[in-house]
Amino acid sequence: ALLESVQLAPGGDSVRWGTNAMNGVIALRSRWRETEGWETEVGGGGGSYGQLRADAAVLGNVKGWAISAAVTRRTSEGALDYSEDSVSTAQVAARKRGNWGMLTTRLRYGYLDGKNAGNGVDLATNNWYNSERGTGSIEYLGQIGKMITGRLVLFGSMGRDRLYTGSALDDRQLGARSELFVTPVEWITVAFGLAIDHVEADLLRRPDNIEEEVEPTSTSAPWTEITLRPIKRVTIVTGGRYVFGLEGDGIPLYKAGVVGDAWKSGKVRARVSRNYSQPTIAQRFLLPTANPGLQSEVSRNAEVGISQYFGEKFEARALVYQLSAENYIQPTGVRPNVEFQNVGEAEQWGVEGNAILTPVRWVEIGAAGAWSDVGEITAQNPNLRLGGWGTVRWNGLRGTVNLNYIDGRYQRNNSETPLDPITDLGANVSWRPDPRFEIYARGNNLLDLPNSPLPGFGSIGRNYFVGFRARLDSAPE
């Protein structure tokens, strides 16, 4: 209810977005009510494996202030990451526009409670874990004339993690982001900014009952980006970032790419970038699988892709990429007993592609696939993922059937025995008799195949979920 759109920007871009933008960025755009009044949306549902969900959201606009708030609660006994989890979230935000610019404030809180999947179909009820986090931010966006746009964001967060061992970690983070975009002429945009972060934490080690203060981590990262459009059909982007405060003297990052209309309805893009992923405080210090010596992963990504459109009937995309990583971070185990390790240098090649056919406006058929040679990372066979779907829309009804296949899975690095492939057939259907009301249902693993994540762990069999969404609007008095 609070999302306007979800956009995926593929390709590593730590120059612009910082840590963890190794393979791309998912941008969530909030929805705001632009006219006076209120609207409320509620939803709920339930299904197999004890799945329950309830949520409510409110959007309003009062005297120029746009306001949004939402709460969610979902529980499960095995359908969330093969464990018994409950997740609760709450958020509230406000936005004000004026001739001076736009001011946005946000507060969020989340709480997760779960258990390890255990062996067989029994949960390891003693391996509980919970995590809660609160975040807050204030953002200012302003414009000077037609050439300059600026953004400043101040944010902070507090988190608490607890494990069945009795160990606990409390962390606090403060940070700031500043951006300035200058467009001196129509075909040039220059952007530069600064990112500052400070993280500190307190650790309680059990069973020794030792309390210690984790050494604080502070980073600063100036960056710049230049976008050129020398001709109508070509866009060139280049940029750099330097991260101070990490291992050694810092980490230099860069990116360069070009997108062009190579032929009628066809595009070609090429890109090279150096990106990084900084370990979290929990990965380094939270027991029982802490790794205080975990270092940042740095990778070089290179990719070449093409896309082709045939009117509104058919579109196809293909991508070839290569990744070279230093201090590659490899997770092993099942949460909460997940350990993160640096496994040295690694190189990976892969190809991805998808195609979508729309023979008529109310039918869509698609297929996608990805193959990656992960042998140098895991000493195992390549990983293969295939998927296909079909969607039909008619008079408020929408139905989709999807089939996914995953092969090339192993329990651990250098293992010679592959795990069984995963095949998942799913379907979902929704009916919207009125723009303000919707009923939906979905089913997963309809073939009831044993798709356990690791040998000996529980498998989520055939399962279903049924829910609804309803919206109420209120005009101004």
Check against side-chain contact (heavy atoms from CB on, under 4.5 Å), Ser324 and Gln348 = CA-CA 7 Å; Ser324 299; Gln348 177 178 330; over 6 Å; no
Polar contact flag, side-chain donor to acceptor under 3.5 angstrom, [X]-[Y]:
{"X": "Tyr254", "Y": "Arg300", "answer": "no"}
{"X": "Arg31", "Y": "Ser68", "answer": "no"}
{"X": "Thr217", "Y": "Glu215", "answer": "no"}
{"X": "Asn301", "Y": "Ser299", "answer": "yes"}
{"X": "Ser137", "Y": "Arg106", "answer": "no"}

Got [X] and [Y] here, is their nearest side-chain heavy-atom distance under 4.5 Å?
{"X": "Ile196", "Y": "His198", "answer": "no"}
{"X": "Val71", "Y": "Thr89", "answer": "no"}
{"X": "Thr219", "Y": "Gln278", "answer": "yes"}
{"X": "Glu364", "Y": "Leu357", "answer": "no"}

Should [X] and [Y] count as an ion pair when the cut-off is N to O under 4.0 Å?
{"X": "Lys255", "Y": "Glu225", "result": "yes"}
{"X": "Asp261", "Y": "Lys232", "result": "no"}
{"X": "Asp55", "Y": "Arg53", "result": "yes"}
{"X": "Arg177", "Y": "Asp197", "result": "yes"}
{"X": "Asp407", "Y": "Arg385", "result": "no"}
{"X": "Arg471", "Y": "Glu41", "result": "no"}

Checking side-chain contact (heavy atoms from CB on, under 4.5 Å) against Ile281, which of Val199, Asp161, Leu203, Asp170 comes through?
->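 So, applying the side-chain contact (heavy atoms from CB on, under 4.5 Å) to Ile281 and each of Val199, Asp161, Leu203, Asp170, only Val199 qualifies.
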Pairwise distance [atom1]([X]) to [atom2]([Y]) - rounded to 0.5 angstrom:
{"X": "Glu438", "Y": "Phe468", "atom1": "CD", "atom2": "CZ", "answer": "11.5 Å"}
{"X": "Leu386", "Y": "Tyr405", "atom1": "CG", "atom2": "OH", "answer": "8.0 Å"}
{"X": "Asp202", "Y": "Leu169", "atom1": "CG", "atom2": "CG", "answer": "8.5 Å"}
{"X": "Asn291", "Y": "Asn342", "atom1": "CG", "atom2": "CG", "answer": "7.0 Å"}
{"X": "Thr400", "Y": "Trp389", "atom1": "OG1", "atom2": "CH2", "answer": "10.5 Å"}
{"X": "Leu112", "Y": "Asn130", "atom1": "CG", "atom2": "CG", "answer": "8.0 Å"}

Residues Arg95, Thr104; criterion side-chain hydrogen bond (donor to acceptor under 3.5 Å, both in side chains); working and verdict = CA-CA 4 Å; Arg95 170 175 289 182; Thr104 305; 3.0 Å; yes
Start with the C-alpha distance between Gln308 and Trp263, add both sets of side-chain angles, then the distance that settles side-chain contact (heavy atoms from CB on, under 4.5 Å), and finish with yes or no.
-> CA-CA 9 Å; Gln308 178 68 55; Trp263 55 83; 2.4 Å; yes
Kindly indicate, with the supporting measurements, whether the criterion side-chain hydrogen bond (donor to acceptor under 3.5 Å, both in side chains) is fulfilled by Tyr276 and Arg241.
-> CA-CA 11 Å; Tyr276 83 112; Arg241 185 186 189 106; 5.1 Å; no
How far apart are the C-alpha atoms of Asn402 and Asn428, what are their side-chain angles, what is the distance that settles it, and do they pass the side-chain contact (heavy atoms from CB on, under 4.5 Å) test?
-> CA-CA 9 Å; Asn402 56 78; Asn428 62 76; 4.3 Å; yes
Aromatic plane relationship, Trp362 with Trp394 - under 30° parallel, 30 to 60° tilted, over 60° perpendicular |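 Taking Trp362 first and then Trp394, their aromatic rings stand perpendicular (interplane angle over 60°).
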Hey, do the aromatic rings of Tyr111 and Tyr109 have their centres closer than 6.0 Å?
->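 No, ring centres 6.0 Å or more apart.
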Please test Arg269 against Leu319 for side-chain contact (heavy atoms from CB on, under 4.5 Å), starting from the C-alpha separation and ending with a verdict.
-> CA-CA 9 Å; Arg269 65 184 181 95; Leu319 175 72; 4.0 Å; yes
